[in-house]
Amino acid sequence: MKNEEVADIFRSIAQILEIQEENVFKIRAYNRAAETVRNCENLEEMVHADTLTELAGIGKDLAAKIKEYFSTGSIEHFEKLKKEVPQGVLELLSIPTIGPKTVKLLYKKLRIRDIDELEKKARDGSLLGVERIKEKTVQNILKGIEIVRKGKQRFDIASAWEIASYYAHELERLPGVKKVSVAGSLRRMKETAKDIDILVVSKKASAVMDALCRLDRVKEVLAKGETKTSVISREGIQVDVRVVDLECFGAALLYFTGSKNHNVRIRTIAVRKNLKINEYGIFKGKKLLASKTEEVMYKKIGMQYVEPEMREDVGEVELALKNELPVLVEQKDILGDFHVHSNYSDGRSSIEEMAQAAKKMGYRYLVITDHSQSLKVAGGLDEGALRKKKKEIDALNKKEKALRILFGTEVEIDSEGAIDYDTEILEGFDFVIASIHTGLKQPKEQITRRLIRACEHPCVDVIAHPTGKLRGVRDSYEIDFEAFFAAASHTKTVLEINAFPDRLDLGDSLVRLAKTKGVKFAIGTDSHQFSHLSFMRYGVALARRAGLGREDVLNTLAFSEVVKSGKRPWRRKE
DNA sequence: GCCGTTTTCGGCCCGACTGTTTTCAGTCG
């Protein structure tokens, strides 16, 4: 993805400037821009529409650099800087406890140019000659190198929440602990997490720190202070725990939730009003104005409460100042799931088991969307199997009144954009979602044409996992999003928000773009066993991150309303 | 390098922990 490439370059530029001890604000500008660009999946569209400067933190200069990258494949300014500070030197920054100052020192004094050289000189003792470096620092560097070599991978949101829940639960049980909250990117429900942040309310901070370090799943203690401790969990993820008083819980939660850019924005706004915000509260001079809850903190700054999922500094601060934040969709609004598999194709649970689990979720309907005939590897259903499945669903629906099970399919879009079943069969389904599983490397024009043809098919209600990205496996296939979203909107084809933690597709910035084109969304978990139905929360979170309200999301409608709102007019009399 | 109901110039968020010091710089979030 080009946005990632540009983001990496901006980050590298920031790092080089840091080592060169450039103006810290320029460095911050590059870092902020890197984040903004990384979160922007439709960067290419913005380059073509010449709207880059609408992005937060992108001005004339950076917009020109982004354009330069899209037209030439490189950025002149960066090529020049790379000659001044070699790439290997930048890699030293990835070592924990080593920052720009140390890197500069090592490079200037000992000509250390990469991690291997640093390790050699750490072991042979030649590091000890450098100012401010003694035995303990050498040990930390060696430990840091080990951590980097192992690779600090990001964790998917579901795994990270599982680990976070363990720590939160264990900390809650401690005597004197009044409250525990997960904070950080996990509370903002980002797709992946690099670490876990937990906030604890207790008057006995040191007892909490001690107990934390003794927990079973703690592999290593990185730093332990009076109110703040960092450990590595046995899964390899870092867990940061901070203890505060109940009085400043809101201020601490706000600070600890981030994002960093969001915090910087609201602190800047506070400064203009002669106020100061830190993790203990919002102050006028020495006088505390608010600190107990996030709600009162936002109120004192003069803005609306911002839901954690929206705190990315992508425009939400401006909306909150104008009192124009959207009312976001919530889990309790969700009445059904549009994408689940059963053991008829590649799922592990029976239709009945899936239905029971859906009932427990409080749903009113569940669409069983097994794969279609051509996807043999996933046990795609032929006509005979479809008849059997329909019969089973009809029988179950007779027994069960609270939940309606719907006869659906996830049908293949073939390499030309044709739909796997004949129209006659497709008309027999209650609901049809269509997706691409083959020909993923086709050129952009062809993939876009396939998707648009699928949208134009009268029986296709939803395009499932529209970009095909799969975490750690493959990126999105190439799509002309403008054209695709226009077609979806025009044909009233709904786009899926796939809630499976490795997919989360469409991503939030593309959902935002699609919404501006008038597209509606259906959240589907892509469950392959009944326990997967709980992934709905990640789909809802993604929708919230994109600023969607109930009105944007099909799952908030009763199924009869879904049918009426859909593209197949002949079904509306149902 | 960005940005503007104080400004197109002069600002730009704030504190905890560590190691090496004896008052603080560097790193991190």
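Residue numbering restarts at 1 for every chain, and letters A, B, ... go by the order of the sequence lines.
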When rounded to whole Å, the CG to C1' distance for the pair A:Leu212 and B:dC17 reads 15 Å
In whole Å, measure the gap between the P atoms of B:dT21 and B:dA25 for me. 14 Å
Pairing partner of B:dG26 (Watson-Crick or G-U wobble, both distances under 3.5 Å): B:dC17
Does A:Gln20 reach the main-chain N or O of A:Glu18 with its side chain, forming a donor-acceptor pair under 3.5 Å? no
Using a cut-off of 4.0 Å on non-hydrogen atoms, how would the nucleic acid contact of A:Thr227 be classed: base, sugar-phosphate, or nothing? sugar-phosphate
Distance in Å, A:Met46 CE paired with A:Ile58 CD1, rounded so as to fall on 0.5 Å steps: 9.0 Å
For DNA chain B, what residues of residues 246-261 of chain A have any heavy atom nearer than 4.0 Å? A:Tyr255, A:Lys260
For B:dT6 versus B:dC12, give the span between their P atoms, rounded off to a whole number of Å. 15 Å
Minimal heavy-atom distance between A:Ala251 and A:Asn278, with the atoms involved, is CB-O, 3.9 Å
Is A:Arg265 touching bases, backbone alone, or none of the nucleic acid, heavy atoms closer than 4.0 Å? nothing
Integer angstrom distance from the C1' of B:dC9 to that of B:dC14: 25 Å
In this structure, how many angstroms lie between the P atom of B:dG15 and the OH atom of A:Tyr280, rounded? 9 Å
Nucleic acid footprint by protein, nucleotides 21-28 of chain B - heavy-atom cut-off 4.0 Å, B for base, S for sugar-phosphate alone: S---BSSS
Suppose you measure atom P in B:dT20 against the same atom in B:dT27; what distance do you get, rounded to whole Å? 13 Å
Which one of A:Met310, A:Arg188, A:Glu330 satisfies the side-chain contact (heavy atoms from CB on, under 4.5 Å) criterion with A:Arg544? A:Glu330
Taking A:Arg471 for the side chain and A:Phe155 for the main chain, is one N or O donor matched with an acceptor at less than 3.5 Å? no
Look up atom CG in A:Leu43 and atom CG in A:Asn3, then write down how far apart they are to the nearest 0.5 Å. 6.0 Å
CD1 (A:Ile198) and CZ (A:Arg242) are apart, to the nearest 0.5 Å, by 14.5 Å
Got a sec: does the NZ of A:Lys299 have more than 12 other heavy atoms crowding it under 6.0 Å? no
Between A:Glu41 and A:Ser509 (side chain of the first, backbone of the second, donor and acceptor by atom type, cut-off under 3.5 Å), is there such a pair? yes
Residue set satisfying ring pair (Phe, Tyr, Trp, His ring centres under 6.0 Å) with A:His465, at least two apart, ordered chain then number -> A:His437
Starting from the 5' end of DNA chain B, give me the residue, A:Asn274 or A:Thr137, whose nearest nucleotide shows up first. A:Asn274
Is A:Glu119 reaching over with its side chain to a backbone N or O of A:Asp116, donor-acceptor style, under 3.5 angstrom? no
Contact check, residues 61-89 of chain A vs DNA chain B, heavy-atom distance under 4.0 Å, returns A:Asp61, A:Leu62, A:Lys65
I'd like the P distance from B:dC2 over to B:dG15, given in whole Å. 28 Å
Going from CD on A:Glu312 to CD on A:Glu35, what distance comes out if it is rounded to the nearest 0.5 angstrom? 8.0 Å
Would you compute the distance between atom CG of A:Asp505 and atom CD of A:Glu191 and round it to the nearest 0.5 angstrom? 9.0 Å
Expressed in whole Å, how much space separates the P atoms belonging to B:dT22 and B:dG26? 16 Å
To the nearest Å, give me how far apart CD1 (A:Ile269) and P (B:dC12) are. 15 Å
First locate atom NZ of A:Lys260, then atom CG of A:Asn263, and finally report the distance between them rounded to the nearest 0.5 Å. 10.0 Å
Keeping the roles fixed (side chain from A:Ser259, backbone from A:His262), state whether a donor-acceptor pair exists under 3.5 Å. yes
Contact class for A:Asn278 (heavy atom, under 4.0 Å): base, sugar-phosphate, or nothing? sugar-phosphate
Pairwise P distance for B:dG11 and B:dT7, with rounding to whole Å: 13 Å
Would you jot down, in residue-number order, the residues of residues 290-326 of chain A having a non-hydrogen atom under 4.0 Å from DNA chain B? none
Heavy atom of residues 18-48 of chain A under 4.0 Å from DNA chain B: which residues? A:Asn23, A:Phe25, A:Lys26, A:Arg28, A:Ala29, A:Tyr30
Provide the distance between the two C1' atoms, one in B:dT23 and one in B:dG19, to the nearest whole Å. 13 Å
Provide, to the nearest angstrom, the distance between the CD1 atom belonging to A:Ile282 and the P atom belonging to B:dC13. 15 Å
So does A:Leu321 get a backbone contact from the side chain of A:Gln304, meaning a donor-acceptor N/O pair under 3.5 Å? no
Length of the NZ-C1' vector between A:Lys273 and B:dG4, whole Å: 15 Å
A:Asn140 side chain near B:dG19 phosphate (N/O to OP1/OP2, under 4.0 Å): yes
Verify whether the ring centers belonging to A:Phe535 and A:His532 lie closer than 6.0 Å. yes
So, does A:Thr257 use its side chain to make a donor-acceptor pair with the main chain of A:Leu254 at under 3.5 Å? no
Roughly how many Å is it from CG in A:Leu186 to C1' in B:dG29, rounded to a whole number? 15 Å
May I have the distance from A:Leu222 (atom CG) to B:dT18 (atom C1'), rounded to whole angstrom? 12 Å
Would you mind reading off the distance between A:Asp245 atom CG and B:dA16 atom P, rounded to a whole angstrom? 13 Å
